[in-house]
Protein chains: 2
Amino acid sequence: MEQGKKKKCVVHFEPSGLKIEVPSGTVLLEAARKAGIYLSSICGGDGYCGKCKVIVDEGQFQSRPTTLLTPDETRENVVLACQTKVLSDMTITVPKSHALQTSQILMDTDAHRFSTLAGDVAGMFKFDPLVRKLCLQMSPPTVNDHTADHERLYVAIREQIEAPIMQTGFRILQGLSKLLVEANYKVAATIGCRGGTTEVIEVEPGKRCETNFAVAVDLGTTTVVAHLINLTTASTIDTEATYNSQINFGEDYIRRIIYAEENNAFDEMQNRIVNDVNNLIVTLAERQRIDLQDITAIVCAGNTAMVHFLLNLDPTRIRREPYVAAAGFVPPIRAAEAGIQINKRGLLYCLPSVAAYVGSDIVAGVLTTRIYTKKTISLFVDIGTNGEVALGNRDWLVCASSSAGPAFEGSGVKHGMRAGAGAIEKLDFRPDGSVGFKTIGDTHPSGICGSGLLDTLAELFINGIIDRTGRFKPNGDERLTEGDEGLQFQLVPPTNEHHEIVITQADINNLVRSKAGVFAAIRVLMEATQTKPEDLDAIYLAGGFGNFLNIQQAVTIGMLPDIPLEKIQFVGNTSIAGAKTVLLSRKALDTAEKIAKGMTYFDLMSHPGYMDEFIKAGFLPHTDLSLFPSVKAVTHGT
Amino acid sequence: MEQGKKKKCVVHFEPSGLKIEVPSGTVLLEAARKAGIYLSSICGGDGYCGKCKVIVDEGQFQSRPTTLLTPDETRENVVLACQTKVLSDMTITVPKSHALQTSQILMDTDAHRFSTLAGDVAGMFKFDPLVRKLCLQMSPPTVNDHTADHERLYVAIREQIEAPIMQTGFRILQGLSKLLVEANYKVAATIGCRGGTTEVIEVEPGKRCETNFAVAVDLGTTTVVAHLINLTTASTIDTEATYNSQINFGEDYIRRIIYAEENNAFDEMQNRIVNDVNNLIVTLAERQRIDLQDITAIVCAGNTAMVHFLLNLDPTRIRREPYVAAAGFVPPIRAAEAGIQINKRGLLYCLPSVAAYVGSDIVAGVLTTRIYTKKTISLFVDIGTNGEVALGNRDWLVCASSSAGPAFEGSGVKHGMRAGAGAIEKLDFRPDGSVGFKTIGDTHPSGICGSGLLDTLAELFINGIIDRTGRFKPNGDERLTEGDEGLQFQLVPPTNEHHEIVITQADINNLVRSKAGVFAAIRVLMEATQTKPEDLDAIYLAGGFGNFLNIQQAVTIGMLPDIPLEKIQFVGNTSIAGAKTVLLSRKALDTAEKIAKGMTYFDLMSHPGYMDEFIKAGFLPHTDLSLFPSVKAVTHGT
């Protein structure tokens, strides 16, 4: 049925109305990508995650057979976009579940949470931003003071800040004399920190002294968050977030590396993330009526792979033994070199990473939670697409990464979703056995985000609906039924307009595997450093769970060590918090580099004890109940 | 007679055969410039130097009246190119006097002189070039050593050299991992010094470790000299020189600044000097069969204006009170940014200057002669288009510049010429009163270069042909005749094939003015520092005079203080020597910067005593004969 390759087909996507012309034979997922439409896809287009379902309203197509569609779905012309080729002009309906509303990502809460966690950055580190604008009022030269313009500028800068080694861009130098004379030696100099060198980035007439902005970015595998900072007042003036549009190429970064390698799509991968960052910056700038030229710095934190994608560094060896990054410490570069649309001479900084699987987001977390300053031992846990763990104090720091999957980000869970509008972020079983919940935006639930999944797993366990291995117990509850993928529990019944919300055995297995990975990593680090639970003075849990993370439930399921709850704190997105801290203080960047250099990385894949710990943590809360006395008390040793 | 502006005229130049099409009305000097032909022109086209004479063989033209042509010349269709407009197709003969042979500039002697003066650079400064190639043999990563590639590279570099602060170019970083894997972690890293930062300029497969070259350049107002250096062995492997092709725009740099300002010709001015430098580099590279990509650094020394022209920095304020440079300390830049054709990531360094009129050539001279290291006081005198003077020891250094004109470079002297083939470089009056001389290349004399002019002035004085004011004495000598420009003395009679060589009263006045300016500058500095002639332990005389500079005659005419001759040394081109020294040692560059910063500049134009000293030095040797006891003895107080 496949027709001539040369034939062009127009594909209309509804309800967006977007259309694209593609050659006959193009895969529908690829057509959607080209049209700029986001379709969920965990597997990167390999046809086994079943996330990229769309409805064909009109047109000819060819689909590979799949077991991921129900007979009903097939009857209703639902197809997997990644397994479907376009053969004629088509009209496609993209189900609402794909229609992400980026404005609903919860970054305001994170911005607030950061301010309560870290206090005033100025109190943590002296306000001394990586890029700053100095008002310089120089005396014009005279016969008795014929110092050259360039040296005169340096003298004036050094009167205000410490800058033993300085450098000036050639184009700046070429225009300097004319500018100084025209401005009668009253100018605003934008200077940036590049390693130990202070670079004169721009010189403008004096009246523009106060206008200086920067952007801090968290490069998440799933979500990219940007905060716009006023560098004169050190205040966050706006925040915005978007989904990482690399998601089309796979929901975890290993998948994306493989995709890029197989399709030589490194440039495309860079374009995606750079466009995401640019879109955020433009959105923030337009909303705040700021000229992009007045944004002179961008600081990024993220996992090692994401930083590699952003800069188009070779990420392929991250996924192969011995798991080597191209660079952990990326020198500051001109943002324009990476395609970032801020001031054309503005600088791009990336926080340093520790290893291929412990990125600068973790360094940012350690920096923000200040565990590197404390005499007592703290544990930092960041649940994202991977689960990363850092442990230590002011004398030592160890870290590890467990690749146990992104279940708590809502991936690999049937009704899992990110912490956006309609997500169940809080859930409990009422005394009568019914399920109570709260959604983000208080709308009808369309899925469950990380904090809701944590609650769900804990409540199913506490209420005896699943056993300690995470298996559903046959109990006669009519909400427990046999679904397409085995047993499933109905959390929210369907209505005429909305589908039901269920949790399946496969979902629970994924969630247990994730928490087991995190806890095993914690155990390995604690064992290696002979740290006992009672030695832990604080646990900081970071990640994009949602607003109402129930710390108790994180202990109940055995994700975190069982220590007094008041010692455990949910700290939200510490990656962006760290990026902001570094942006506002040269000292903080130095500190981040010291943290990254000083942290000992444990490679769990080659660690002899890890698999054992992982298996033991594959129970709720753990095989060894003595590790979870508080849980034992609640569940009566179920 | 001027015709329609639109008409195009073709101008043929003989004997070169070059031709150019220009609009009717174009000035002939401009047409020659466009055709790529060098015509002498001191005044920059203002019609008063009379140097740009050419012969019109055919065609219509319009010339402004001038007194600089003899009736005979006018009859023979000789015109001043700068005062003549093209009105039709023309054929022009360019006289031989314009036909410069660049290969005859004496740079080999300078190269040799430098080696005898400064000794082994490695003895003066540790061999530690600004740009170097390091052979790096790294261990490939393992599970137990997963250091990222970029950090691995830094560790390997730091095992070989001190580099506390490092930076890597973004493009290098992007290609690093692939290269390291392919080269099995055996690479050659080219690293360059940029202020306090060590930059990784290039990384290549390991086999190219030994191939690394650089160029040292003296940016003279008249002559540009380049030495090709092997950075692995620190040896000079070839030298080349060319005339500065900005000369068409005026023979001194003030004229050129004015020309550039009036004609908005800053880009053109930069193109000229950059092309000169590129031509030298290409010539050297081709002759030595070196790939331009293997030349990774260029170090330039020159007067402040010339460095400004090279980099297209604003030079206009150099010529206006309070005489300010755009930059005295130019940061290292990528050579390609200035249009220099070496390795596209290679670095361009300029030695620092002291002030608008004391350039990096003088800093290079102080560095090379090592007067900044000595306990005793030395005097450094550089005679070029201006005469610059530095005085001091290891504790203090002062300097000044006299703008007394380029007479000793052969400009402003009827038969003056640069130190090239056919130039009289040595001259004396024999006992029988006849004139003996030696020319460069031992050919028939076509003019007199600096050392010959020095001899001429001294011999005319010693032999009583001119008096102490420099005026010809009527003495009945038939060689003293009335020429077009007043009295003149015939040094070499004409032959059938060659014109006579004379020295005119105007020539002598120019020479005396030049030497007076230099000596007055010396006196101002010595007075200001209370240095007496007997305090001077050494005088170093630098400049492009010729090979046989007679030091005694420099004292006889009162250019240099009268101290024992063995304390006076002719040191040739110290500008290029300094550029080479800096190229081969980071410490030398630091030292040059310290010298430039530490030197006190005396602005003679605003100095109250200068004019008085200048008038007193306008005699041969001086009004105060007690300052020149040895001269008084020779001339019997004439």
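Throughout, a chain's letter reflects where its sequence line sits, starting with A, and its residues are numbered from 1.
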Task: Shortest non-hydrogen contact between Ala326(A) and Ser177(B), atoms and distance - done: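 So the minimum-distance heavy-atom pair works out to CB-OG, 3.0 Å.
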
Open item on the list: Looking at every heavy atom in both Ala148(A) and Gly328(B), which two are closest together, and how far apart are they?
Closed with: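 For Ala148(A) versus Gly328(B), the nearest heavy atoms are CB-N, 3.5 Å.
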
TODO: Identify which of Asp603(B), Thr168(B), Leu176(B) forms the greatest number of heavy-atom pairs closer than 4.5 Å to chain A.
DONE: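 Maximum pair count with chain A is reached by Thr168(B).
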
Task: Contacts with chain B made by residues 299-324 of chain A (heavy-atom distance under 4.5 Å), listed by residue number - done: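 Listed by number: Leu311(A), Asn312(A), Leu313(A), Asp314(A), Arg317(A), Glu321(A), Pro322(A), Tyr323(A), Val324(A).
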
Open item on the list: Give the interface residues of residues 192-204 of chain A toward chain B, defined by a heavy-atom separation under 4.5 Å.
Closed with: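 Listed by number, the contacting residues are Arg194(A), Gly195(A), Gly196(A), Thr197(A).
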
Task: Glu162(A), CD: over 12 other non-hydrogen atoms inside 6.0 angstrom - done: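 At most 12 heavy atoms, drawn from other residues, nucleotides or ligands, come within 6.0 Å of this atom.
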
If we only count heavy atoms from C-beta on, is the [X] to [Y] side-chain gap below 4.5 Å?
X: Arg334(B); Y: Phe170(A); value: no
X: Pro331(B); Y: Met166(A); value: no
X: Lys597(B); Y: Glu151(A); value: no

- [ ] Check each atom of Pro140(A) against the heavy atoms of chain B and say whether the ones under 4.5 Å are side chain, backbone, both or neither.
- [x]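 Neither part.
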
Task: Which atoms of Leu173(B) approach chain A - backbone, side chain, both or neither, heavy atom under 4.5 Å - done: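 For Leu173(B), the contact with chain A is made by backbone and side chain together.
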
Open item on the list: Measuring from atom CD of Gln167(B) to atom CD1 of Ile333(A), what distance do you get when rounded to the nearest 0.5 angstrom?
Closed with: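 It is 9.5 Å, given to the nearest 0.5 Å.
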
- [ ] Using modelled atom types only, decide if a donor and an acceptor are shared between the side chain of His150(A) and the backbone of Phe329(B) within a distance under 3.5 Å.
- [x]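 Such a contact is found between His150(A) side chain and Phe329(B) backbone.
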
